[in-house]
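Remarks on the structure that follows.
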Amino acid sequence: MQILTIWDTLNEWSDGFRNWLFEHYNNPLLWVGIVVGGFIIFKAVYSTLNKD
């Protein structure tokens, strides 16, 4: 039953994050941060997969 408590904890965290995101969706710095963070993750994965 340990897996269910982990699953419940993840659901609580995701609900909290979703509510926070809905409260701050009109903040332009949030969207700039999301785009920059996504680009950094994309660049890291892309460079890792294309190593010679």
Side-chain angles (χ1 to χ4, degrees):
M1 297 328 247
Q2 184 71 7
I3 293 174
L4 291 177
T5 58
I6 293 171
W7 191 255
D8 291 339
T9 302
L10 289 175
N11 282 332
E12 290 175 11
W13 287 354
S14 67
D15 288 342
F17 179 71
R18 185 182 312 123
N19 291 337
W20 180 85
L21 193 61
F22 285 149
E23 291 174 8
H24 297 94
Y25 74 94
N26 58 352
N27 185 352
L29 291 177
L30 172 68
W31 295 108
V32 169
I34 289 172
V35 169
V36 169
F39 179 74
I40 289 171
I41 291 171
F42 171 78
K43 183 74 174 158
V45 170
Y46 184 80
S47 66
T48 300
L49 291 175
N50 285 324
K51 285 193 173 187
D52 290 335

Between Tyr25 and Leu30, which heavy-atom pair has the shortest distance, and what is it?
-> CA-CD2, 4.2 Å

Is there a donor-acceptor pair closer than 3.5 Å between any side-chain N or O of Trp31 and the backbone N or O of Asn26?
-> no

Output every pair passing salt bridge (charged side-chain N to carboxylate O under 4.0 Å, His left out) with a member in residues 17-46, not counting sequence neighbours, ordered by first then second residue.
-> Asp15-Arg18

Taking ILVMFWY side chains as joined if any heavy atoms are under 4.5 angstrom apart, and letting links pass through other members, which residues group with Val36?
-> Val32, Ile40

Rounded to the nearest 0.5 Å, how far apart are CZ of Phe17 and CZ of Phe22?
-> 10.5 Å

Can you tell me how far the CG atom of Asn11 sits from the CD1 atom of Ile6, to the nearest 0.5 Å?
-> 12.0 Å

Indicate the ring-plane relationship of Tyr46 and Phe42, choosing parallel, tilted or perpendicular according to the 30° and 60° boundaries.
-> parallel

Spell out, yes or no, whether Leu49 and Ile41 are grouped together once hydrophobic residues are joined by side-chain heavy atoms under 4.5 Å, including indirect joins.
-> yes

